Amino acid sequence: MQRIRLRYTKRGRLRFTSHRDFQRAFERALRRAEVPMAYSAGFTPHPRVSYANAAPTGTGSEAEYLEIGLAAPRDPEKLRELLDESMPVGLDIIDAVEARTPGLADRLTASVWELRLDGVELAEAERAVAVFLAAETVEVQRKTKNGIRTFDTRGAVVSLEALPAPADRPLDNACAILRLVVRHLTPAVRPDDVLSGLRAVADLAPPVPSAVTRLAQGLFDEESGTVTDPLAPDREADTAAPPTAAVTADAKAPEGPAA
C-alpha cells in the first residue's frame with residue numbers, strides 16, 4: 001500500500017467549514033478523481049484516510065495535513081493536481097509527498113498563528129503582549145462537554161508579538177496583528193484561549209471578532225525557535241529511495257511516433 005501525505009488550506013469563507021464538512025468534501029473529491037483508495041478490513045470498510053490536528057471551525061489555515069492509503073501507486077504531484085481540481089475553491093490541496101518516514105502526527109508539535117485585531121491600536125496590542133509574556137501563568141476557563149475547565153495558557157505560548165497591519169491592506173480603522181507560536185499540549189491551547197488570557201491579564205478586548213489563521217504547523221525546533229515543515233523528512237528520504245511503481249511505469253511508457 002502506497003501512502004501519500006497531503007497539505008491543504010482553509011481560506012476565505014471556507015474557514016467556517018467544520019472538520020466533518022471537509023471530510024465529506026474530500027471523500028467526494030477522491031471519488032471524482034477516481035483515486036484507487038485502500039480500504040480498511042471488517043464489516044464496514046472505509047477509505048484509509050488519517051487526519052492530523054485539524055484547525056477549529058472558524059479559523060483559516062495554510063497548513064492542514066492528512067494521509068491517504070492507495071491500493072495502487074500514483075505520482076504524488078499528479079494526484080495532488082487531480083484532487084485540487086475536485087475540491088471547492090478555498091479548500092486547496094497545495095502539497096503532496098509519498099510517506100517515506102513514520103509518525104506524521106508526532107511531528108505536529110506546534111503551530112504558528114496570526115490573529116487580526118480590527119479596532120485595536122498597535123500600541124495597545126504591544127502593551128497587552130508585554131503583560132502576558134511577563135506573567136508566569138495566565139489561567140482561563142473554557143466550557144467543555146464535562147463542564148467548565150480552568151487551565152494555563154502561558155505555558156503553551158513559545159512566542160507572541162504584536163505587528164502593524166500590512167501596508168497593502170488599506171484600513172479605515174486601527175488594526176494590529178498578533179503572531180504567536182503555540183505548543184500542542186494537553187489540554188490544547190487555542191488562539192481564542194490566548195485572546196481570553198490577554199483579556200484577563202491586560203484587559204485587551206477587540207471590539208469585533210478576530211480573524212484567525214494558522215500559518216504553519218510542524219515540529220518545533222528548540223535551537224532556532226521556528227516551526228519546521230513536517231513533510232521535509234519525507235522529501236529528504238524520497239531523494240534516496242528507489243522510484244515507486246507509478247513513476248517507473250511512466251518512465252517506461254512507449255513514446256509516440258516521431259513527427
Side-chain angles (χ1 to χ4, degrees), residues 5-33 47 49-68 80 83-96 105 108 110-120 125 140-145 148-149 153 156-157 160 163 165-166 168-182 184 187-199 204-218 227 230:
R5 289 169 176 167
L6 303 170
R7 177 181 176 183
Y8 66 95
T9 71
K10 291 173 60 181
R11 296 169 173 162
R13 296 182 64 182
L14 273 298
R15 70 176 54 226
F16 298 103
T17 302
S18 70
H19 183 55
R20 184 176 292 275
D21 290 335
F22 175 82
Q23 287 178 308
R24 286 194 287 263
F26 184 68
E27 289 182 6
R28 286 196 295 269
L30 291 172
R31 292 192 291 271
R32 290 193 192 103
V49 183
S50 299
Y51 300 91
N53 197 40
T57 302
T59 63
S61 180
E62 294 295 314
E64 301 296 288
Y65 294 93
L66 61 84
E67 180 178 300
I68 61 176
R80 184 203 67 77
L83 286 172
D84 187 50
E85 292 172 358
S86 302
M87 293 290 287
V89 176
L91 299 178
D92 305 316
I93 312 296
I94 62 173
D95 201 357
L108 303 180
S111 289
V112 182
W113 295 94
E114 182 180 277
L115 289 68
R116 179 186 171 101
L117 308 182
D118 287 304
V120 175
V140 301
Q141 292 184 330
R142 184 199 300 162
K143 185 177 181 181
T144 70
K145 62 182 181 181
I148 300 298
R149 183 170 189 176
T153 60
V157 175
L160 173 62
L163 305 169
D168 60 352
R169 296 185 192 176
L171 299 171
D172 297 327
N173 300 312
C175 178
I177 303 294
L178 295 185
R179 184 75 56 85
L180 64 150
V181 177
V182 180
H184 299 168
V189 173
R190 307 180 305 205
D192 57 317
D193 297 321
V194 176
L195 285 175
S196 297
L198 287 165
R199 184 181 302 112
L204 180 69
V208 296
S210 304
V212 180
T213 302
R214 173 149 55 193
L215 302 180
Q217 66 170 322
V227 175

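Atoms considered below: every heavy atom in the structure, side chains included; atoms not considered: hydrogens, waters and symmetry mates. Owing to the predicted nature of the structure, the values given are computational and were not obtained by experimental measurement.
- Residues Ala165 and Ile177 approach most closely at CA-CG1, 3.9 Å, considering heavy atoms.
- Checked by atom type and distance alone, the side chain of Asn173 never pairs as donor or acceptor with a backbone atom of Gly119 at under 3.5 Å.
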Would Glu62 and Arg7 satisfy salt bridge (Lys or Arg N to Asp or Glu O under 4.0 Å), going step by step from the backbone distance to the final call?
CA-CA 8 Å; Glu62 294 295 314; Arg7 177 181 176 183; 5.5 Å; no

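- Taking the six-membered ring for Trp and thresholds of 30 and 60 degrees, Phe22 and Tyr8 have nearly parallel ring planes, at less than 30 degrees apart.
- The side-chain heavy atoms of Asp21 and Arg24, taken from C-beta on, include a pair separated by under 4.5 Å.
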For a side-chain contact (heavy atoms from CB on, under 4.5 Å) check, start with the C-alpha distance between Val182 and Asp193, then their side-chain angles and the critical distance, and finish with the verdict.
CA-CA 11 Å; Val182 180; Asp193 297 321; over 6 Å; no

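- With rounding to the nearest 0.5 angstrom, the OG1 atom of Thr59 is 9.0 Å from the CG atom of Asp192.
- Between the side chain of Arg32 and the backbone N or O of Ser86 there is at least one donor-acceptor pair closer than 3.5 Å.
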Would Glu114 and Leu163 count as a side-chain contact (heavy atoms from CB on, under 4.5 Å) if you check the C-alpha gap in whole Å, the side-chain angles of each, and the deciding distance to 0.1 Å?
CA-CA 10 Å; Glu114 182 180 277; Leu163 305 169; over 6 Å; no

Is there a side-chain contact (heavy atoms from CB on, under 4.5 Å) between Arg214 and Asn53 once you walk through the steps?
CA-CA 12 Å; Arg214 173 149 55 193; Asn53 197 40; 3.4 Å; yes

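- The shortest non-hydrogen separation linking Leu14 to Lys10 is O-CE, 3.8 Å.
- Between Ala96 and Leu6 the shortest heavy-atom distance is CB-CD2, 3.4 Å.
- Between the side chain of Arg15 and the main chain of Val212, a donor-acceptor pair closer than 3.5 Å is present.
- How far CD1 of Ile148 is from NZ of Lys143: 6.5 Å, rounded to the nearest 0.5 Å.
- Listed here is the closest heavy atom pair of Leu91 and Ala25: CD1-CB, 4.4 Å.
- Although no hydrogens or angles enter the test, the distance criterion places a donor-acceptor pair under 3.5 Å between the side chain of Ser61 and the main chain of Ala63.
- Between Pro207 and Val120, the closest side-chain pair of non-hydrogen atoms falls below 4.5 Å.
- Here the closest heavy-atom approach between residue Arg116 and residue Cys175 is recorded as CG-SG, 3.7 Å.
- Considering CD of Glu67 and CZ of Arg5, their distance stands at 4.5 Å, rounded to 0.5 Å.
- Looking only at side-chain heavy atoms (C-beta outward), Leu195 and Ser210 come within less than 4.5 Å of each other.
- In plain terms, the two heavy atoms of Arg179 and Val112 that are nearest each other are CD-CG1, 3.9 Å.
- One distance of note links CG of Asp92 with CD of Glu64; it measures 12.5 Å at 0.5 Å rounding.
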Stepwise, does the side-chain contact (heavy atoms from CB on, under 4.5 Å) test hold for Val194 with Leu115?
CA-CA 10 Å; Val194 176; Leu115 289 68; 5.7 Å; no

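- Rounded to the nearest 0.5 angstrom, Leu83 CG and Ile68 CD1 are separated by 6.0 Å.
- Distance check: Tyr51 OH to His19 NE2 gives 6.0 Å after rounding to the nearest 0.5 Å.
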